Amino acid sequence: MSLSTSIREVSGVVIVDLSGRITLGEASGKLRDTVRDLLAKGNKKILLNLGDCTYIDSSGLGELVSSYTTAANQGAKVKLLNVQKKVDDLLQITKLYTVFDSYTDESEAVASY
Amino acid sequence: MSLSTSIREVSGVVIVDLSGRITLGEASGKLRDTVRDLLAKGNKKILLNLGDCTYIDSSGLGELVSSYTTAANQGAKVKLLNVQKKVDDLLQITKLYTVFDSYTDESEAVASY
Amino acid sequence: MQEVRELHLELGSTLDSADAAELIVQRLAEEYGFSAEQIEHLGMAARESMVNAIVHGNAYSKEKHVRFSVVVGPEKITVTVRDEGLGFSPTEVPDPLSRENILRGSGRGLLLIRAFVDHVEIHPAEPVGTEVVMVKFSSPQAGGQSEHKEE
Amino acid sequence: MQEVRELHLELGSTLDSADAAELIVQRLAEEYGFSAEQIEHLGMAARESMVNAIVHGNAYSKEKHVRFSVVVGPEKITVTVRDEGLGFSPTEVPDPLSRENILRGSGRGLLLIRAFVDHVEIHPAEPVGTEVVMVKFSSPQAGGQSEHKEE
Ligand SMILES: Nc1ncnc2c1ncn2[C@@H]1O[C@H](COP(=O)(O)OP(=O)(O)O)[C@@H](O)[C@H]1O
Ligand SMILES: Nc1ncnc2c1ncn2[C@@H]1O[C@H](COP(=O)(O)OP(=O)(O)O)[C@@H](O)[C@H]1O
């Protein structure tokens, strides 16, 4: 599996640390399942830490958007942390930077909810 | 084609400049045909310049040996010029360095026949 | 390496084939001196076009294959991906940048392909399927066709 | 990249498949921080084992495929090549280093494979064919099995 995830909580915000590649298949499925699980458990503040994610394809981007909209439909908010240059370029090209709140400082991100 | 060859003559020695990869297939076939052609035309002194050959596989090595033996059977001599480090490592591992006369200086190589 | 290298493969309709295509294109581009960013972009274009061929074209069918080719020389790299699917009309694909589509969970592959190579051609293949041809030049000056990016 | 990546492909019995395997292994090894020399050696081992599978195993048959797998992580890379041929007995292969074989025009592939990876296993596959498993460690200390080189 080329994507690993781990979950921690800081001041009521669930932070998902994603490490590896988010591409179509197992990896994008893992991201989806992780977020759906968190939402099912009633979490409303989800912060996806992409600091160790250097690669994402269009399906991975799509999965980020789906996480965002699924959360929004349930009154929850998905935000991004530590987006790396390569991934940020993709957010620019796809204009998804207009959708996501994105932070480089974890405590700032946590405080923003 | 990943291998290109060109032929020139210096003081009665035919120098074949090989550039690219010598691997099984078209490339090893080209080396074989080139040497056979030269032998058929009566050339007895053949110098293979491997200065621009950075990659050779076991079939390419085999083709060098076949060129050597085919030439020897006809009273001709195949020698090597400018063997690069990577290729030289292979000549060591396969002990083919014991078969080939190998030079780093072209005029020295030409004078050696 | 100044000689031209070519590679032609028949790959199965599995997602691992997309990984394979990406890695092959990246390594060849590297060998021929493309920049780190160009290599990244080429890999992504190869991946996205392969995923389209596998998922939309061949629908993961075990009976269908993707024909994947690379031709690379000192000036440019050409990557061709061909599936055995039903084909599609690129002009009818919804614009993923428009306001009404921005929240969609898919539809950004062709956008990335067009952003990352200098020239893209998508046409029906004979007797069936779709062929996508992507060209990227190693130096920007050589890229006389870069207006195609905006097509 | 600290996660493990895996790739499993069915490749046709053509020489381009050997190029593909070489490039894939090289790029993955690079991603995981193997040294330039290790990458070179891994590519060569992958190529030689693929050529054997294509030429000796499958005899270029269109009906036969080569199963090519890579599993790579931070510590080691494992490359597996499996053909559908008649199999062979590695111990009966003539020693290419011996005086009487040194002028042969072939027979050096297995020698190079053994020289370039830390561990090689060759065994019959079920129901037919040969499977070659090659392991290389990224740092020499981790290579506790390197005596296999001399086997
Ligand atoms: N090779 C193909 N064969 C058939 N349809 C395709 C192919 N490539 C793309 N398409 C169509 O174009 C649409 C847009 O593709 P793309 O931009 O890559 O986004 P996505 O694959 O996420 O939908 C696809 O949803 C599909 O309908
Ligand atoms: N996958 C295989 N299937 C059948 N025979 C094989 C296979 N791999 C190797 N061999 C046998 O072992 C011999 C030695 O192989 P190798 O050392 O790679 O040299 P070469 O391929 O140049 O002969 C081959 O000639 C062949 O007889």
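Within every chain, numbering begins at 1; the chains are lettered A, B, ... in the order of the sequence lines, protein sequences first and strands thereafter. Keep in mind that this is a model prediction, so the values were computed, not measured.
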Original post:
Do you know which two heavy atoms are closest between B:Thr54 and D:Glu40, and how far apart they sit?
Top reply: O-OE2, 4.4 Å
**OP:** Can you establish whether the number of heavy atoms outside D:Leu86 located under 6.0 Å from its atom CG is more than 12?
**Re:** no
Original post:
What part of D:Leu103 lies closer than 4.5 angstrom to a heavy atom of chain B: side chain, backbone, both or neither?
Top reply: both
Original post:
Taking C-beta and beyond as the side chain, do B:Leu24 and D:Val55 meet within less than 4.5 Å on heavy atoms?
Top reply: yes
**OP:** Using a heavy-atom cutoff of under 4.5 Å, enumerate the residues of residues 122-133 of chain D that contact chain B, numbered in order, or state 'none'.
**Re:** none
Subject >> Minimum heavy-atom distance D:Ile102-B:Thr94, with the two atoms named >> reply: CD1-O, 3.4 Å
Subject >> Distance in Å, B:Ser58 OG paired with D:Arg47 CZ, rounded so as to fall on 0.5 Å steps >> reply: 9.0 Å
Original post:
Do D:Phe116 and B:Leu90 have side-chain heavy atoms sitting under 4.5 Å apart?
Top reply: yes
**OP:** Kindly indicate whether the side chain of D:Leu97, heavy atoms from C-beta on, has any atom under 4.5 Å from the side chain of B:Ile93.
**Re:** no
Original post:
What are the two closest non-hydrogen atoms of D:Gly105 and B:Ser66, and how far apart are they?
Top reply: CA-OG, 3.5 Å
**OP:** Could you tell me whether B:Lys79 atom NZ has more than 12 heavy atoms of other residues or ligands within 6.0 Å of it?
**Re:** yes
Original post:
Quick one: does D:Asp19's side chain get under 4.5 Å of B:Arg21's, heavy atoms only?
Top reply: yes
**OP:** Working to the nearest 0.5 Å, report the span between OG1 of B:Thr98 and CZ of D:Arg99.
**Re:** 8.5 Å
**OP:** Let me know if D:Leu15 has heavy atoms under 4.5 Å from chain B in its side chain, its backbone, both or neither.
**Re:** side chain
**OP:** Please tell me if the side chains of D:Arg108 and B:Val65 come closer than 4.5 Å, counting only heavy atoms from C-beta onward.
**Re:** yes
Original post:
Got B:Thr23 and D:Val51 here, is their nearest side-chain heavy-atom distance under 4.5 Å?
Top reply: no
Subject >> Portion of B:Thr69 that has a non-hydrogen atom of chain D nearer than 4.5 angstrom >> reply: side chain
Original post:
Of all heavy-atom pairs between D:Glu37 and B:Asp89, which one has the smallest distance, and what is that distance?
Top reply: OE2-OD2, 4.3 Å
**OP:** Give every residue pair that meets the side chain to side chain donor-acceptor pair (under 3.5 Å) criterion with at least one member in residues 54-64 of chain D, sequence neighbours excluded.
**Re:** D:Ser13-D:Asn58
